[in-house]
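In the text below, chain A, chain B and the rest are named by the order of the sequence lines, each starting its count at 1.
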Amino acid sequence: MKAVLQFLVIVILFFGTWLLLSRINFTERWHTDRIGSYNEKKIGQLIWDAIKKSEKEIRNEKVTRPVQQVLERLKVETKESDSSDPISIHVILKGDANAFALPGRRVIIFSGLVKYCNSPDELAGVLAHEIAHIEKQHVKLKLIKEAGLAMLATLVGGSAGPEIILEMARLLSSRAYDRNLESEADEAALHYLVNAGIDPRPFANFLFRIAGQTDMPDGFEWVSTHPDSRDRAARFLSLAGKYDKKWTPSLDGTAWIEMKSYMEEL
Amino acid sequence: MISLTPFYYVPDDEEREKASFSYVMSLVALMAGMPIPIINLLATLFFFLGNRKSKPFVKWHCTQALLSQLSLLLMNSAAFWWTVSVFFYDEEITNRYMAYLITVFIFNLTEFIATIYTAVKVRKGIHVQWWFYGTLTNLLVRMS
């Protein structure tokens, strides 16, 4: 009986303290906004810094301008288009055909993927797909799934070494999203492309083409991180078929050819 | 909240050391900066399991240390997962959340001070009984 009474006193003391403190307006006093996005950004910056140290970013205008133009076309129609936190795209000089989204609203494209694209609309499709992963919060989910919460806490706390950060970058660039998330990203990408007036069918062709790669070249990462491409392509094509619009190319032909030629020279 | 009473026999030096160490165990993980709240409990639990057949003085204090960690685990786990959802999901920071963190901090701090105080006293052979945990330990550990 004595123990029960003492337990009740402790419980009352705990909840009483909590209740009383809850009456203080901490959020207004300490200006606590949502910090989830802040941490995601911080982790994204750490990973991007690590990638920058180990890889070479292509900063030539022949590449950055067209890519930016495609991004602008797509962004115009996403709900975050007027966001103060824009998406940034970085092109990395690397032969692997890969593109992936990083935390903190960044998309990384390897030059190998740009070379593999037959048209700017295919590239726009890939970009739209990666942007969809960002907008739908998939990157955050993947980060938690791959890295684990303890690791993320270490990263946010700033005590992670460069090896850990590089490993995180490797995980994000080489592991696939769940099938459901891929489908969701495809649907969102289709929506972005259609709203931007970009023909979505080339992206379906791109998916069909990578699905047909029987002798996969080394480093053809986008395929391994985006499985079931044939099914996805078929589904994407069927969804795209519902739209009858006047499409405009995502880039003018000259800019695209110049970019491809520049890439070939590298 | 803490009472100092004589134990029914005078513990020898080895018993005092072991009994005192049961409290220190709960601080080790805290000192190491482990973010996962269960670590403290595990450290105390393993020490308890290793000493449950020890002499009464050691057994009694291992049990009190373990029980105190159990309740802290509940509070800290809630704080930990709530914080995780704030950091990694878009859960908003509310006054209730901040108040909870401060409350948990106050309880942890109180326990921290009590633990150090108890560890020092027990090392000297003084029997320290905590409010509620001491009473509960008396019910669980048979003293003859």
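- Taking a 6.0 Å sphere around NZ of A:K2, one finds it holds 12 or fewer heavy atoms contributed by other residues, nucleotides or ligands.
- A distance of 9.5 Å separates CZ in A:F7 from CG in B:L136, rounded to the nearest 0.5 Å.
- Counting only distance, with no hydrogens or angles, the side chain of A:W18 and the backbone of B:R96 share a donor-acceptor pair below 3.5 Å.
- Between B:N95 and the options A:I24, A:N25, A:L21, a side chain to side chain contact (heavy atoms under 4.5 Å, CB included) holds for only A:N25.
- For A:F26 against B:M98, the heavy-atom pair with the smallest separation is CD1-CB, 3.5 Å.
- Residue with the most contacts toward chain B among A:L13, A:V4, A:L5: A:L13 (heavy-atom pairs, distance under 4.5 Å).
- B:T118 pairs by the side chain to side chain donor-acceptor pair (under 3.5 Å) definition with B:W130, not counting sequence neighbours.
- Residue contact with chain A, scored on non-hydrogen atoms closer than 4.5 Å, is absent for B:L101.
- Heavy atoms from other residues, nucleotides or ligands lying under 6.0 Å from CD of B:E14 number 12 at most.
- The distance from atom CD1 of B:I102 to atom OG1 of A:T17, rounded to the nearest 0.5 Å, is 11.0 Å.
- Under the 30°/60° scheme for interplanar angles, the aromatic rings of A:F14 and B:Y100 are found to stand perpendicular.
- With sequence neighbours left out, the ring-ring contact (aromatic ring centres under 6.0 Å, His included) criterion links B:Y133 to no other residue.
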